[in-house]
Amino acid sequence: MVAADTLLSWFDDTARDLPWRRPECTAWGVLVSEIMLQQTPVSRVEPIWHEWMARWPVPSALAAASQGEVVRAWGKLGYPRRALRLHEAASAIALKHDDVVPDDVDTLLALPGIGAYTARAVAAFAYGKRCPVVDTNVRRVVARAVHGAGDAGPPSTTRDMADVEALLPATDAAAARYSAALMELGALICTARTPRCADCPVFDTCAWQLAGRPAYNGPVKAVQKFAGTDRQVRGRLLDVLRGAPGPVARPLLDAAWSDAGQRDRCLDSLLVDGLIEQTDAGLFALPGEH
DNA sequence: AATCCGTGGAA
DNA sequence: TTTCCAAGGAT
């Protein structure tokens, strides 16, 4: 069990002062933060988020930038396709929504790069709406505190959202704050590796504690390899273009990875994704930068 | 439903 | 050193 008053009091006392949580932060700021935070730690997002907010304070400003500028400004946050999708989303918001980030889940879901989590995170954190916001932190907290399991099993959007829905306070404002608090609990206390149960505000009612801290017995999630994968090669290739002021010739890219077959395949996939372009002269460049 | 898509810090 | 994993989404 995760009582609302207990969790909210703890959040009042210990919540991190993150820039996208401040009252003056716009819905656009919240949306940008949520995209950047997908699979990416807060510490790496913060500086880039500040740069983006200063440079592109509204969706139409980002929409006016070239794709290459956006990919370059994304830097090394990882998963750079997120940058292109955010750019697309900004264009759609500017054109179809009067430059105002939508406040309802279904409209948000229709935007590129916005899925079940991000749509509800924006609705809750930018607009104070009551809706289940389920990320990996929340799934882990619910698995332990509510179901008494050692960890979350495989995700099931429908079931996971129903679990959280049942926990949410009745009013919009309390529910939105509760959603942020659940995530904070998972991020700071109920962590994946070594949970800090001694500091947990819901220790006394945690189903996992009451059950004697049983070990997780569900299916083991396979950890993704990185070394030697196309992901690494794509990262290397894109990093060459990011580090260059303009279009580069083939030999410079060839130096980034020795396996020619894999290198060519990755180069092609980057072209398909629109993360890079080929100039008329046969050089390679970030999109729009030639 | 399982797999792919970057990056880097911490244990 | 290797492994784990960090506010997911698209296909």
Side-chain angles (χ1 to χ4, degrees), chain A residues 15-16 18-21 25 29-49 71 74-86 88-89 108-126 132-141 151-161 164 176 179-188 190-196 216 219-242 256-257 262 265-266 269-270 272-276:
Chain A
R16 290 168 293 177
L18 302 174
W20 42 85
R21 282 181 179 165
C25 182
V30 172
L31 172 56
V32 171
S33 78
E34 291 301 340
I35 301 292
M36 289 182 171
L37 286 163
Q38 290 167 4
Q39 302 287 283
T40 310
V42 167
S43 60
R44 246 188 293 161
V45 166
E46 260 197 276
I48 306 294
W49 182 86
V71 170
W74 192 256
K76 306 195 79 169
L77 277 183
Y79 293 139
R81 295 187 297 185
R82 289 183 292 168
L84 291 182
R85 291 182 181 133
L86 181 51
E88 288 178 54
L108 286 161
L109 281 172
L111 296 170
I114 297 185
Y117 162 76
T118 304
R120 290 170 179 80
V122 170
F125 305 148
V133 181
V134 183
D135 74 331
T136 184
N137 290 306
V138 171
R139 281 175 18 79
R140 186 172 57 248
V141 169
D151 203 350
S156 162
T157 304
T158 305
R159 179 174 48 73
D160 293 341
M161 289 204 301
V164 174
S179 295
L182 265 187
M183 290 178 60
E184 192 78 339
L185 187 65
L188 300 183
C190 196
T191 53
R193 272 182 284 200
T194 310
R196 304 172 52 198
Y216 173 69
V220 177
K221 39 202 163 190
V223 283
Q224 293 185 12
K225 298 297 180 191
F226 179 67
T229 63
D230 285 4
R231 275 197 343 283
Q232 182 182 24
V233 179
R234 284 165 54 104
R236 288 269 190 93
L237 293 171
L238 198 60
D239 200 41
V240 170
L241 294 184
R242 246 189 259 116
W257 195 257
Q262 187 178 22
R265 179 174 71 245
C266 290
S269 74
L270 286 169
V272 169
D273 286 347
L275 282 165
I276 67 178

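Naming: A, B, ... by sequence-line order, numbering from 1 per chain. These numbers come from a predicted model, not from an experiment.
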Result block: side-chain N/O donor-acceptor pairs under 3.5 angstrom for residues 109-124 of chain A, not counting sequence neighbours:
from   : atom 1 : to     : atom 2 : distance (Å)
A:Y117 : OH     : A:E34  : OE1    : 2.6
A:T118 : OG1    : A:Q38  : NE2    : 2.9
A:R120 : NH1    : A:A116 : O      : 3.0

(message) Could you work out, with side-chain contact (heavy atoms from CB on, under 4.5 Å) as the rule, every residue matching A:L188, not counting sequence neighbours?
(response) A:R16, A:E184
(message) If the condition is side chain to side chain donor-acceptor pair (under 3.5 Å), which residues does A:T229 pass it with, not counting sequence neighbours?
(response) none
(message) Does any part of the side chain of A:M183, heavy atoms only, come nearer than 4.5 Å to the side chain of A:F125, both counted from C-beta?
(response) yes
(request) Go through the structure and list residues passing side chain to side chain donor-acceptor pair (under 3.5 Å) with A:R193, not counting sequence neighbours. (result) none
(request) In whole angstrom, give me the gap between the P atoms of C:dT11 and B:dG6. (result) 14 Å
(request) Name all residues meeting the ring pair (Phe, Tyr, Trp, His ring centres under 6.0 Å) criterion together with A:W257; count only those two or more places apart in sequence or in a different chain, and write none if there are none. (result) none
(request) Could you tell me which residues satisfy side chain to side chain donor-acceptor pair (under 3.5 Å) with A:R159, sequence neighbours excluded, listed by chain and number? (result) none
(message) Applying a 4.0 Å non-hydrogen cut-off, can you work out what A:L18 is touching in the nucleic acid: base, sugar-phosphate, or nothing?
(response) base
(message) Tell me every residue that passes side chain to side chain donor-acceptor pair (under 3.5 Å) with A:E88, counting only those two or more places apart in sequence or in another chain.
(response) none
(request) For A:W20, answer base if it contacts any base atom (sugar-phosphate contacts may also be present), sugar-phosphate if it contacts only those atoms, and nothing otherwise; contact means non-hydrogen atoms under 4.0 Å. (result) base
(message) Could you tell me the boundaries of the chain A footprint on DNA chain C, defined by atoms under 4.0 Å from its heavy atoms?
(response) C:dC4 to C:dA10
(message) Once you apply a heavy-atom cut-off of 4.0 Å, does A:A187 come out as touching a base, just sugar-phosphate, or nothing?
(response) sugar-phosphate
(message) Please encode protein proximity along nucleotides 4-11 of chain B as a string of B, S and -, counting only heavy-atom distances under 4.0 Å.
(response) BBBBBB-S
I'd like a table of donor-acceptor pairs (distance under 3.5 Å, sequence neighbours excluded) in which one partner is a side-chain atom from residues 133-140 of chain A, with atom names and distances.
from   : atom 1 : to     : atom 2 : distance (Å)
A:D135 : OD1    : A:N137 : N      : 3.2
A:D135 : OD1    : A:V138 : N      : 2.9
A:D135 : OD2    : A:N137 : ND2    : 3.1
A:N137 : OD1    : A:R140 : NH2    : 2.8
A:R139 : NH1    : A:G153 : O      : 3.4
A:R139 : NH1    : A:D160 : OD2    : 3.2
A:R139 : NH2    : A:G153 : O      : 2.6
A:R140 : NE     : A:C190 : O      : 2.7
A:R140 : NH2    : A:G186 : O      : 2.8
A:R140 : NH2    : A:C190 : O      : 3.3

(request) For the residue pair A:V32 and A:W49, establish whether any side-chain heavy-atom pair is separated by less than 4.5 Å. (result) yes
(request) Can you tell me which residue pairs pass the salt bridge (charged side-chain N to carboxylate O under 4.0 Å, His left out) test with a partner in residues 224-233 of chain A, sequence neighbours excluded? (result) A:D230-A:R265
(request) Could you give the distance separating B:dA10 and C:dA7 at their P atoms, to the nearest angstrom? (result) 15 Å
(message) Expected output is a numbered-order residue list: members of residues 109-124 of chain A with a heavy atom under 4.0 Å from any atom of DNA chain B. What is it?
(response) none
